[in-house]
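Since the structure comes first, as structure tokens, the remarks are kept for the end.
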Amino acid sequence: MCGIVGYLGYRDAYPILIKGLKRLEYRGYDSAGVAIHNGHNIHYYKKKGKVSDLEQISSNNPHDGRMGIAHTRWATHGEPSDINSHPHTSMSGNLFLIHNGIIENFHSIKEALSARGFKFKSDTDTEVLVNLIEDIQKGENTTLENAVRQALNQVIGAYAICVFDKREPNEIIVAKMGSPLVIGLAEDEYFIASDATPFLEYTKKVIYLQDGEMGVIRKGKPLVIREIKTNLTIDPYVQQLQMDIEQIEKGGFEHFMLKEIYEQPRSIRDTLRGRLLPEQGLINMRGIDEYKEKFLNAQRIIIVGCGTSWHAGLVGEYLIEDIVRMPVEVEYASEFRYRNPIITEKDVVIAISQSGETADTLAAVKLAKSMGATIFGICNVVGSSIARETHAGAYTHAGPEIGVASTKAFTAQITVLALIALKLGYMKGSISESKYMRLLIELNSIPEKIEETLKCDPLTRYLAEIYKDSSNALYLGRGYNFPVALEGALKLKEISYIHAEGYPAAEMKHGPIALIDENMPVIVIAPKNDQYDKIYSNVQEVKARKGRVLAVVNHDDEDISSIADHIIEVPETENIYSPIINTIPLQLLSYHIALMRGCNVDQPRNLAKSVTVE
């Protein structure tokens, strides 16, 4: 949603904060700001636009100091502007605060503060929070730490905050509820961020704040963690990160998105490593083993997610129903929590989230958990909120995904879902020994087949030149590849701003066929499977209406290739794994189209990577 960076130590804070903002810009990039304390003065700059715009105005002005906070924003309350950018100051100018999240009851607090004489410059809920802290600090004649704690016990909503008082140049207060915040620990210095990427080169020793916790960071003193509600001191859990700095750099690629598309053979190998043992006929998943009876005796499995993770969940529905023969429902997390769902202790809920911080998915998890369901999480970030909130789970091991449009996380999520389906199917006896072994061996070969598929990159670049000026696009798929059609359309929408829709191919006749003419590209996912003849008929229907067909087909395809305008050939695989292979050329096509249209591939407009508010 928004990116938070803070530093307190012996180094010059400014380059650490600016570099940190650039690494967190995937979380928001409509405005940015920085406040640095040099012991005497505050250097305070904020600007609508990218971090580079902030850097332009701040680098030529004083920015010395060894303590500071910085923020890159994705607007919620108040449009992107210099005034609405963070950090926000209290009315006196003493307090500086940055915030990720939404304070839901800010309006009533603002009215009360206004009645007590407070004036507001911005339209943000954050400015309300910093003034509430100041109101308590003055009224109670108390420390900043106590004022923050009391203020946070009055607010409703989600937040990760860093705040300092210019009269205390060696202290930063941090707190978390529903939005991520991590503290990096090093010799005589502290780092603060929304995730660990801003400070990887300085330390890998971290503490992930839990919901309802606040930290008091003072120069030369041990970190103190307290419960916001009770003020009790907590002994924090210190983790050692396994991430390397190379994982968050572009590595010679022009964009993070292209790098992450090309990382998919490795990310899937990493997801399979230690879990898939085809020679022994084994799948090791401790979370499934621990809750074996819950899974096998479940009345149904409910999969919740948002966006791309929801599409992965749809593939999971096909996998689990096909292999395990167990009923599965797939829900948008944002709808699930508000429709008063019927959940019992006989249900298993699988929650999918790349970041592990998606607000709607986290809320769905908490709701289902409170109603007695067993919760299994699939996410990509160790120590994330969903990883901590679920009973069990599996990390995807895709590595950091910086590009806002998800690519390698999607295929890694499907890989985990395939492992779950195969393991449960074998446990339940709903799949034969021979089929189980065949599917294990084939799953092990998927990374190699993705490497082969990536060779279509030059062809997708050529096709992008042909289709880049389209105003609309229709994606069609059947069975396992219907979710691929949805995901392909979403990628095109996200980064090229071309209107695109994914449909089950058979549903085309029930409305979308009215849109088809010589200007409408129709992207058809058509691997060799038991529905091939049906989708061949759908392609004929499109061609009969002068539609332009781009088909993703297997090598040696003849029928659809003979009538399609263009084809992209991919290796043949088991039908259940075809979504992993077939999504690769669609990712590349979207990437090249967006690039040719002059779009910002890694930071598409109005989007942010980790949506930590509703």
Side-chain angles (χ1 to χ4, degrees), residues 3-11 13 15-27 70 72 100 160 162 172 174 176 179-211 213 215 217 222-223 225 234-251 256 259-260 263 266-267 269-271 273-275 286-287 353-358 377-390 393-403 408-409 412 416 609-610 612:
I4 283 175
V5 190
Y7 176 76
L8 176 59
Y10 59 86
R11 304 176 200 262
I16 295 170
L17 297 175
I18 292 296
K19 186 191 296 182
L21 288 184
K22 289 178 178 178
R23 289 182 181 169
L24 290 179
E25 205 165 13
Y26 70 89
R27 301 180 66 87
T72 182
N100 175 16
C162 295
I172 299 176
V174 299
K176 173 196 180 325
S179 293
L181 202 64
V182 58
I183 301 170
L185 309 174
E187 188 80 25
D188 296 325
E189 59 184 341
Y190 294 99
F191 302 85
I192 307 154
S194 297
D195 66 41
T197 57
F199 54 76
L200 270 181
E201 60 263 65
Y202 303 106
T203 183
K204 292 187 178 181
K205 196 161 73 168
V206 301
I207 292 169
Y208 287 93
L209 274 192
Q210 308 291 311
D211 278 353
E213 291 182 355
I217 298 169
L223 173 69
I225 306 292
I234 296 168
D235 187 18
Y237 172 56
V238 180
Q239 298 187 40
Q240 190 74 22
L241 293 174
Q242 303 301 313
M243 194 186 308
D244 295 320
I245 192 70
E246 293 78 14
Q247 291 180 279
I248 60 170
E249 302 293 347
K250 290 180 182 176
F256 280 111
K259 173 179 179 264
E260 288 155 9
E263 284 178 337
R266 187 180 74 184
S267 63
R269 283 192 183 100
D270 288 345
T271 297
R273 184 175 291 115
R275 291 171 172 158
R286 189 175 65 182
S353 167
Q354 187 282 139
S355 67
E357 303 290 348
T358 309
I378 299 175
C379 62
N380 192 37
V381 180
V382 176
S384 59
S385 295
I386 287 174
R388 296 193 304 267
E389 190 70 33
T390 51
Y395 289 115
T396 54
H397 300 304
E401 190 179 63
I402 308 300
K408 63 177 181 174
V416 170
K609 183 70 178 176
S610 179
T612 56

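By convention here, the first residue in the shown sequence is residue 1. Computation of the quantities below employed the complete heavy-atom set of this structure, encompassing side-chain atoms and omitting hydrogens, waters and symmetry-equivalent molecules.
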Heavy-atom closest pair, residues C162 and I192: SG-CG2, 3.5 Å
Is it the case that over 12 heavy atoms from other parts of the model lie below 6.0 angstrom from the CD atom of Q240? yes
Within the 4.5 Å heavy-atom criterion, are D195 and P180 side-chain neighbours or not? no
Check: D211 and K176 side chains under 4.5 Å, non-hydrogen atoms: yes
Residue list, side chain to side chain contact (heavy atoms under 4.5 Å, CB included) with S267, at least two apart or on another chain: Q264, A398, K408
Sub-4.5 Å side-chain heavy-atom contact between V381 and E357: no
Starting at CG of D270, measure out to CZ of R275 and round the result to the nearest 0.5 Å. 10.0 Å
Verify salt bridge (Lys or Arg N to Asp or Glu O under 4.0 Å) between R23 and E201, making sure each step is shown before the conclusion. CA-CA 12 Å; R23 289 182 181 169; E201 60 263 65; 2.6 Å; yes
From Q354 atom CD to I386 atom CD1, the distance as rounded to the nearest 0.5 Å: 10.5 Å
Going from CZ on F199 to CD on E189, what distance comes out if it is rounded to the nearest 0.5 angstrom? 11.0 Å
N380 side chain to G356 main-chain N or O, any donor-acceptor pair under 3.5 Å? no
If the plane angle is over 60° it's perpendicular, under 30° parallel, otherwise tilted; pick one for Y7 and F191. tilted
Nearest 0.5 Å please: distance from the NZ atom of K22 over to the OG1 atom of T72. 12.0 Å
Can you name the nearest heavy-atom pair linking S194 to V182, along with the distance? C-CG1, 4.3 Å
Sequence neighbours excluded, which residues qualify as side chain to side chain contact (heavy atoms under 4.5 Å, CB included) partners of R286? E290
Residues L241 and A196: closest non-hydrogen pair is CD1-CB, 3.3 Å
Note: V416 and A394 closest approach over all heavy atoms is CG1-CB, 3.9 Å
Under the side chain to side chain contact (heavy atoms under 4.5 Å, CB included) rule, collect the residues that match up with P400, sequence neighbours excluded. M243, Q247, I248, I402
With heavy-atom distances below 4.5 Å as the criterion, would you say the side chains of R273 and H397 are in contact? no
In short, G215 meets L209 closest at the heavy-atom pair N-CD1, 4.5 Å
Q210 side chain to Y208 main-chain N or O, any donor-acceptor pair under 3.5 Å? yes
Sequence-distant partners of R269, salt bridge (Lys or Arg N to Asp or Glu O under 4.0 Å), two or more places apart: E451
Holding to side chain to side chain contact (heavy atoms under 4.5 Å, CB included), I want the full list of residues that pass it with C379, two or more places apart in sequence or in another chain. S384, A387, Y395
Quick test of your reading of the model: are E213 and R388 salt-bridged, counting only N-O distances below 4.0 Å? no
CG (L8) and CG (D188) are apart, to the nearest 0.5 Å, by 10.5 Å
Looking only at heavy atoms, which two atoms of T197 and L24 are closest? And how far apart? OG1-CD2, 3.8 Å
Residues passing the ring-ring contact (aromatic ring centres under 6.0 Å, His included) test with Y190, sequence neighbours excluded, are none
Got a second to check how far L21's CG is from I4's CD1, nearest 0.5 Å? 10.5 Å
